[in-house]
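Structure first, then comments.
From a predicted model like this one, the values you see are computed outputs, not experimental measurements.
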Amino acid sequence: MSDVKDLIGIEFKPYSFEIEKGKIKELVKAIGDDNPIYTSLEAAKVAGYDGIPIPLTFLNVVDLWGGYGFEEKVKKLNLNPLKLLNGEQEFEYMKDIYAGDLITVQSKVVQAETKTGTTGKMELITTENQYRNQQDELVAISRNVIVNRV
């Protein structure tokens, strides 16, 4: 790759993932969140939800289990996996996402730039994922910065 900016606009094949109660339960157990809205429909409804909601970082589960594997993504972006770091991640929610929802994800590179730090040059590559539910409503967006040490 001659210029990291050439990555801007690269799109990945869309993927879908059905939100499972079991996966929600696994995540909240792993992160130590004992809020009953994530395991009990009754508790979720009492709290004002229409179903069992996902925890805020659950979109990582969607991407990990439903999306491109690490090796596939690195190959498509022509990056050396030994030189990569996770720089930053943010989530923006437009609507609640519940157990039973079928989420379809479209991912693309939206920004790429080169910066110089104390240890040398690095490429900052930002990917954006758009998450749509079974009614084709945009329910969330995530942005992830990949740091490629060159």
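Smallest separation of non-hydrogen atoms from Ala44 and Gly51: CB-O, 3.3 Å. Closest approach of Gln106 and Pro14 over heavy atoms only: OE1-CG, 3.0 Å.
With a 6.0 Å radius and a threshold of 12 heavy atoms from other residues, nucleotides or ligands, Lys21 has its NZ atom at or below the threshold. Surrounding NZ of Lys108 are at most 12 heavy atoms belonging to other residues, nucleotides or ligands under 6.0 Å away.
One distance of note links NZ of Lys95 with CZ of Arg132; it measures 11.5 Å at 0.5 Å rounding. Put simply, CG on Leu138 and OH on Tyr93 are 12.0 Å apart, with the number rounded to the nearest 0.5 Å. Between the NZ atom in Lys29 and the CD1 atom in Ile24 there is a gap of 16.0 Å [rounded to 0.5 Å]. Between the CD1 atom of Ile52 and the CD1 atom of Ile37 there is a distance of 9.5 Å, given to the nearest 0.5 Å. Note that CD1 of Ile8 and OG1 of Thr126 are 9.0 Å apart. Values are rounded to the nearest 0.5 Å. A distance of 5.5 Å separates CD1 in Ile125 from CD1 in Ile146, rounded to the nearest 0.5 Å.
Among residues two or more places apart in sequence or in another chain, the salt bridge (charged side-chain N to carboxylate O under 4.0 Å, His left out) test is passed with Lys45 by none. With sequence neighbours excluded, the residues satisfying side-chain hydrogen bond (donor to acceptor under 3.5 Å, both in side chains) with Thr104 are Ser16. Remark: Glu26 engages Lys23 in a side-chain contact (heavy atoms from CB on, under 4.5 Å) (not counting sequence neighbours). Under the rule for a side-chain hydrogen bond (donor to acceptor under 3.5 Å, both in side chains), the partners of Asp101 that lie at least two apart in sequence or sit in another chain are Gln134. With sequence neighbours left out, Glu71 forms a side-chain contact (heavy atoms from CB on, under 4.5 Å) with no residue at all. The side-chain hydrogen bond (donor to acceptor under 3.5 Å, both in side chains) test applied to Ser107 returns Asn129, not counting sequence neighbours. Residues passing the side-chain contact (heavy atoms from CB on, under 4.5 Å) test with Lys75: none are found, sequence neighbours excluded.
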Please list every donor-acceptor pair under 3.5 Å in which a side-chain atom of residues 79-90 meets a protein atom from a residue at least two apart or in another chain.
{"unit_1": "Asn80", "atom_1": "OD1", "unit_2": "Leu82", "atom_2": "N", "d": "2.9"}
{"unit_1": "Gln89", "atom_1": "NE2", "unit_2": "Asn60", "atom_2": "OD1", "d": "3.0"}
{"unit_1": "Glu90", "atom_1": "OE2", "unit_2": "Arg143", "atom_2": "NH1", "d": "3.0"}

In a table with atom names and distances, give each donor-acceptor pair under 3.5 Å that connects a side chain of residues 111-120 to protein atoms at least two apart or in another chain.
{"unit_1": "Gln111", "atom_1": "NE2", "unit_2": "Glu113", "atom_2": "OE2", "d": "3.4"}

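Sorted by first and then second residue, the ring-ring contact (aromatic ring centres under 6.0 Å, His included) pairs involving residues 3-27 (not counting sequence neighbours) are Phe12-Tyr68. Legend: salt bridge (Lys or Arg N to Asp or Glu O under 4.0 Å) pairs involving residues 48-58, not counting sequence neighbours: none detected. Note on residues 32-42: no pairs pass side chain to side chain donor-acceptor pair (under 3.5 Å), not counting sequence neighbours.
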request  = Assess whether side-chain contact (heavy atoms from CB on, under 4.5 Å) is satisfied between Ile97 and Val62, documenting all intermediate values.
outcome  = CA-CA 12 Å; Ile97 300 172; Val62 173; over 6 Å; no

request  = Could you please spell out the steps behind the side-chain contact (heavy atoms from CB on, under 4.5 Å) verdict for Thr57 and Leu27?
outcome  = CA-CA 9 Å; Thr57 59; Leu27 179 62; 4.1 Å; yes

key: Chi angles and distances behind the side-chain contact (heavy atoms from CB on, under 4.5 Å) call for Val61, Ile19   = CA-CA 9 Å; Val61 173; Ile19 307 298; over 6 Å; no

request  = For side-chain contact (heavy atoms from CB on, under 4.5 Å), just list the numbers for Ile54 and Leu59, CA-CA rounded to whole Å, side-chain angles, deciding distance to a tenth of an Å, and then say yes or no.
outcome  = CA-CA 8 Å; Ile54 63 168; Leu59 295 178; 4.2 Å; yes

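Trp65 and Phe58 fall within the same hydrophobic cluster, where Ile, Leu, Val, Met, Phe, Trp and Tyr residues are linked whenever their side-chain heavy atoms come under 4.5 Å apart, directly or through other members. When hydrophobic clusters are built by joining Ile, Leu, Val, Met, Phe, Trp and Tyr residues whose side-chain heavy atoms come closer than 4.5 Å, directly or via intermediates, Val139 is grouped together with Leu56. The hydrophobic clustering, which links ILVMFWY residues whose side-chain heavy atoms are closer than 4.5 Å, places Leu64 and Leu102 apart.
Proximity of Pro55 to Val28: side-chain heavy atoms (C-beta onward) are separated by under 4.5 Å at one or more points. No side-chain heavy atom of Val4 sits less than 4.5 Å from a side-chain heavy atom of Leu124.
Asn133 places a side-chain N or O within donor-acceptor distance of the main-chain N or O of Glu137, the cut-off being under 3.5 Å. Judged by distance alone, with hydrogens and angles left aside, the side-chain atoms of Tyr131 form no donor-acceptor pair with the main-chain N or O of Ser142 at under 3.5 Å.
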